[in-house]
There are 4 protein chains.
Amino acid sequence: MKKNKPKYMQIIDAAVVAIAENGYHQAQVSKIARQAGVADGTIYLYFKNKEDILISLFQEKMGYFVENIEEKIAGKETAAEKLLMLVETHLTLLSEDRHLAIVTQLELRQSNKDLRLKINEVLKGYLTMIDRIILEGIEKNEFISTLDIRLARQMIFGTIDETVTSWVMNEQKFDLPALAKPIHQLLINGCGYRQPVM
Amino acid sequence: MKKNKPKYMQIIDAAVVAIAENGYHQAQVSKIARQAGVADGTIYLYFKNKEDILISLFQEKMGYFVENIEEKIAGKETAAEKLLMLVETHLTLLSEDRHLAIVTQLELRQSNKDLRLKINEVLKGYLTMIDRIILEGIEKNEFISTLDIRLARQMIFGTIDETVTSWVMNEQKFDLPALAKPIHQLLINGCGYRQPVM
Amino acid sequence: MKKNKPKYMQIIDAAVVAIAENGYHQAQVSKIARQAGVADGTIYLYFKNKEDILISLFQEKMGYFVENIEEKIAGKETAAEKLLMLVETHLTLLSEDRHLAIVTQLELRQSNKDLRLKINEVLKGYLTMIDRIILEGIEKNEFISTLDIRLARQMIFGTIDETVTSWVMNEQKFDLPALAKPIHQLLINGCGYRQPVM
Amino acid sequence: MKKNKPKYMQIIDAAVVAIAENGYHQAQVSKIARQAGVADGTIYLYFKNKEDILISLFQEKMGYFVENIEEKIAGKETAAEKLLMLVETHLTLLSEDRHLAIVTQLELRQSNKDLRLKINEVLKGYLTMIDRIILEGIEKNEFISTLDIRLARQMIFGTIDETVTSWVMNEQKFDLPALAKPIHQLLINGCGYRQPVM
DNA sequence: CATGAATGAGCTTTCATTCAT
DNA sequence: AATGAATGAAAGCTCATTCAT
C-alpha cells in the first residue's frame, strides 16, 4: 500500500482513536473514516481490508517502539542498564499515548486468532530484542549462567505487559513510568543479577 | 440460575468444548446447545444470555482452580514452597485440560472489555491467594522486605500466564509442568529469596 | 432444504413476483422477504443464499412445466401431435403466468454465468423431452431421416423462446397461445414433415 | 459523443475484451480504461456513462454486421440464396471474433431490462433485413404464401441465435460456419420452400 | 421444563462517477 | 484533453434471543 502518502498514517491514527474510544467491535470502518476525515471508500485505497488496518497499525506502532528502544539502549554498557532502559521506555511510551495503550492492551486482543497470529509475528521483533539483552547479560556474567532465555523473556515481557494492562484497566490512575525501577529490580533479581566483575 | 441442576454444568462443559474447537467468535449459542445436547432455547432457562455462560464458565473453573491450590498449599511451611505448589498446580491443571487451556489463554481474551472486566473480578480470588503467599514470604523473611506486593504479584501471574499462553500457541508441544521448577526459581529470585533463618 | 414446508413455496412465489415487478438486480432479499410476509432471516432457513432461491425457483417451475407437458403428450399418437401439444402447453403456461414469463424470459438471464450454467442444467430435462419427440418423428417416418437432432432441437426451442421473449417485451399485447399452430407448422416443415404412412 | 476520434473505438474494443475476459459484472469501468490504456476519467469524455459504452459497442458492431451482410446478399438472385448468405455471414463473423461472440451471446444478456430494450432497438435493423428476405421469398413464390413474416423471422433469428449461443457455451469446440447449410435447409423447409418457377 | 422456528438489526466492501489539477 | 484520487450509497447474510406450543 501507499505508506508514504499522508493519508496512510492519518487513517492509522484515526483507527487508534476510534478503537480506543468505541471498543474493537464498535469501531466500524465508517467510524474510522469519519475520525480520519475521509470517505469510507478512501480507506480501501490505502488498506486491503479492515484487518489490514489493524495489522498495519500494530506494525507501525511496534516499529516505532523497537526503533526508539534500540536507540536508547545503544549507549548503555551493561545488560542491566539496557533492561532498565527498555522497561522505562516501554512504560513511558505507552503512558504518553493512552489511546494506543488501550488499543494494544485491551482492544486488539479481541481480534480473531488469525489476526492475533499476525500480530505475534510483528511482536517477534520486540521479543528478539529482549533475548539479545538476556544473552548479553549471561555472557557478561551479570545474569546467572543457567538462565533459560525463553523463560526469562516470558518473565520480562509477561511482567511488563501485565503491569501495563493493569494500569489501563485501572483507568491509568497511577504513575506508570515510576514503576520502571522496581519492576527492573524484580526482573534482574529473577535473572540472578550480580554486579559485573570489574 | 439453577446451578445445581445437571444441565447447568452440562452447558458450561459444552461451551468449553465448543469454544476450544470452533474459536470464540464461531461458538454460536446454537453450537453450544448442540454440543450440550439441548435445544437453543433451553440455554436461556439456565443462563441470562451468552455472556452469562462465559462468566459462569470462568467462575466455575476458576473456583475449582483456587480450591484445588488452596488445599495443596495448606500443608506447606514456607512461602517459597507454597509458591512452587501454586506454579506446579496451575501448570498441571491446564496441561491436563487442553480445551480449558485454549479457552482461557486464547479464546476468552477475544471477549469485549465489559466481559473481561467481569472475568477480572473473578480472577481476583486467585490474585489474592498469590498476595497472601507474597506477604507471608515477606513476614517470614524469605522475601526482601521492600518487595512491592502488587508488582511481585504481576510478575508471578504475568510470567505463569505468558508461559501457558506460549505453550498453547505452540500447540502444547512441550512439557508444561516440567517448567514449574525453573519458573519458580526465577520468581523467588525476583522476590529476593533468601533461605529462611532457622 | 425443507421443501415440503409451506414457506418454501411461499418464498419462491414471492421471489417470482418481486423479480418480475422490480427487476433482477432490484429484487433484494429484503424485498422478497417482505413480499413473502416473512423476516429476512427466515429466507435463510429455507435457502442457502440468494442464488439458491433462484435456482430452486427455476427447478420448481421447470419441473411443473415438464410434468405438465409429459402428461399432455402421453396420449398423443404422432410426433407432430406431440410437438403441437408441447408448443401449445409451453405458450399457454407462460401466457397464464405473466410474472413467471417476465422472470424466465428477461430477468433470470441477467444472472451471472455460474447461475446460468446451473439453470441450463435444469433446462436439460426439457430439452431431452424435445429430443425424444424428434427421434420418434424420425423413427415413425414423420420427419426427414437425415434430420440433425441437435439442430432441430435448437430450432424448436429457439423459435418458441424467441417468440415468448418477443411477447413479453411487447408487454403481452398479442394472443400468445394462438401462435401455437402456425409455429408448429413452421417447425414440422423445418423437420421435413410428411404424413405418416397408414 | 466524439465518434470519429480514435479513442472512441479504442475504448469500445477494450470493452469487448474486458467483458469477454472478465464477464459482464466483473468488467468495471476501471478495467475497461486500463485495457484501453486511458485513465478512468477519460472514458467520460467519450461516453455519457457505462451503459452508453455498451449501447455504442452494440451499435458499432451490429452496424458492421448489417453492412457486411447487405453487401454480400446484394448480388444474390433468390431469397433462399440470400438467406443462406445471411446465415453463413452471421456464423462466420462471430466465429472469427470469439470475444465479440462471448459478449453478444452471453455477457450482454446479463444487462438490465432497460439496456436490453435499447439493444433490441439496435437489433431492429438486422431483423428488418431478415423480414425483407422473407417478403421477397413470398413474393417470388419461393416460400409459402401464408407464411407469417413475424413468426418466420423469429424462427430464423431464434435458430441462428440459439446455435451460436450453444457454440459459445461449448467453448467453440465445433465448426460453426459448417452449420450454415444444414441450418439453412431447416429454415427454408420451415418457410415452405419450393423451387422457384423458371 | 423443553423446544426450535422465526425474528431483524447491523456492517464491510465495491465501484460508477466527479472534479481539481 | 487527460488524469486518477476521492467519493458514498447500497445489500447480502449472521446469530443472539424470543415465545407459542
Side-chain angles (χ1 to χ4, degrees), chain A residues 2 5-8 10-11 25-34 36-53, chain B residues 2 5-7 11 22 25-34 36-54, chain C residues 2 5-8 10-11 25-34 36-53, chain D residues 2 5-8 11 25-34 36-54:
Chain A
K2 299 141 188 186
K5 297 292 182 65
K7 282 199 178 153
Y8 176 81
Q10 191 175 327
I11 291 167
H25 289 292
Q26 280 309 302
Q28 297 89 342
V29 172
S30 63
K31 258 182 201 153
I32 296 175
R34 200 180 320 136
V38 301
D40 294 16
T42 306
I43 301 269
Y44 292 86
L45 296 176
Y46 295 89
F47 300 92
K48 221 168 54 239
N49 49 37
K50 191 180 178 183
E51 190 180 73
D52 190 30
I53 308 177
Chain B
K2 300 130 189 193
K5 296 297 177 66
K7 282 195 180 159
I11 291 167
N22 299 285
H25 289 291
Q26 280 310 301
Q28 295 88 346
V29 171
S30 63
K31 254 182 202 154
I32 296 175
R34 200 179 321 135
V38 301
D40 295 16
T42 307
I43 300 269
Y44 291 86
L45 298 175
Y46 294 88
F47 299 90
K48 215 167 63 240
N49 50 35
K50 190 180 178 183
E51 191 179 74
D52 189 31
I53 308 177
L54 304 173
Chain C
K2 300 139 187 185
K5 299 291 182 66
K7 283 202 177 151
Y8 176 80
Q10 189 175 327
I11 291 167
H25 289 291
Q26 280 309 301
Q28 296 88 342
V29 172
S30 62
K31 257 183 201 152
I32 297 175
R34 200 179 322 137
V38 301
D40 293 18
T42 306
I43 300 269
Y44 293 87
L45 296 176
Y46 295 89
F47 300 91
K48 222 171 50 240
N49 50 35
K50 191 179 177 183
E51 191 180 71
D52 189 31
I53 308 177
Chain D
K2 299 132 189 192
K5 297 294 179 65
K7 281 194 180 161
Y8 176 82
I11 291 167
H25 289 292
Q26 280 309 301
Q28 297 87 346
V29 172
S30 63
K31 253 182 203 154
I32 296 175
R34 200 181 319 137
V38 301
D40 295 16
T42 306
I43 300 268
Y44 292 86
L45 297 175
Y46 294 89
F47 300 91
K48 214 165 67 239
N49 51 35
K50 190 179 179 183
E51 192 179 73
D52 190 31
I53 307 176
L54 304 174

| said: Applying the Watson-Crick and G-U wobble criteria at under 3.5 Å, what pairs with E/dT3? Answer none if nothing qualifies. | reply: F/dA20

| request: Report which part of the nucleic acid B/Glu51 touches: base, sugar-phosphate, or nothing (heavy-atom distance under 4.0 Å, all strands). | output: nothing

| said: Heavy atoms only, 4.0 Å cut-off, all strands: where does A/Val29 land among base, sugar-phosphate and nothing? | reply: base

Nearest of [options] to any side-chain atom of [X]?
X	options	answer
A/Gln28	F/dC13, E/dT12, F/dG4	E/dT12
C/Ala39	E/dT17, E/dG8, F/dT3	E/dG8
B/Lys50	F/dA2, E/dA5, F/dT17	F/dT17
C/Val38	F/dA5, E/dT13, E/dT7	E/dT7

For [N], take OP1 and OP2 only and decide whether either is under 4.0 Å from a side-chain N or O of [X].
X	N	result
A/Tyr46	F/dA5	no
B/Lys31	F/dC15	no
D/Lys48	E/dT17	no

Nearest-Å distance, [atom1] ([X]) to [atom2] ([N])?
X	N	atom1	atom2	value
C/Tyr44	F/dC13	OH	P	4 Å
D/Leu45	E/dC19	CG	P	14 Å
A/Arg34	E/dC11	CZ	C1'	13 Å
B/Phe47	E/dA2	CZ	P	13 Å
A/Asn49	E/dC11	CG	C1'	14 Å
D/Ile32	E/dC15	CD1	P	12 Å
D/Asp52	E/dA16	CG	P	14 Å
A/Gln26	E/dA9	CD	C1'	12 Å

| message | Would you call the rings of D/Phe47 and D/Tyr8 parallel, tilted or perpendicular, taking 30° and 60° as the class edges? | response | parallel

| task | Using heavy atoms to find the nearest nucleotide of DNA chain E for B/Gly37 and C/Gly41 separately, return the residue whose nucleotide is more 5′. | result | B/Gly37

| message | If the test is side-chain contact (heavy atoms from CB on, under 4.5 Å), which one of A/Val38, A/Ile11, A/Asp40 qualifies with A/Ile32? | response | A/Ile11

| task | Identify, between A/Asp40 and C/Thr42, the residue whose nearest nucleotide on DNA chain F lies closer to the 5' end. | result | A/Asp40

| field | 5' precedence on DNA chain F between A/Ile43 and C/His25 (nearest-nucleotide basis) | value | A/Ile43

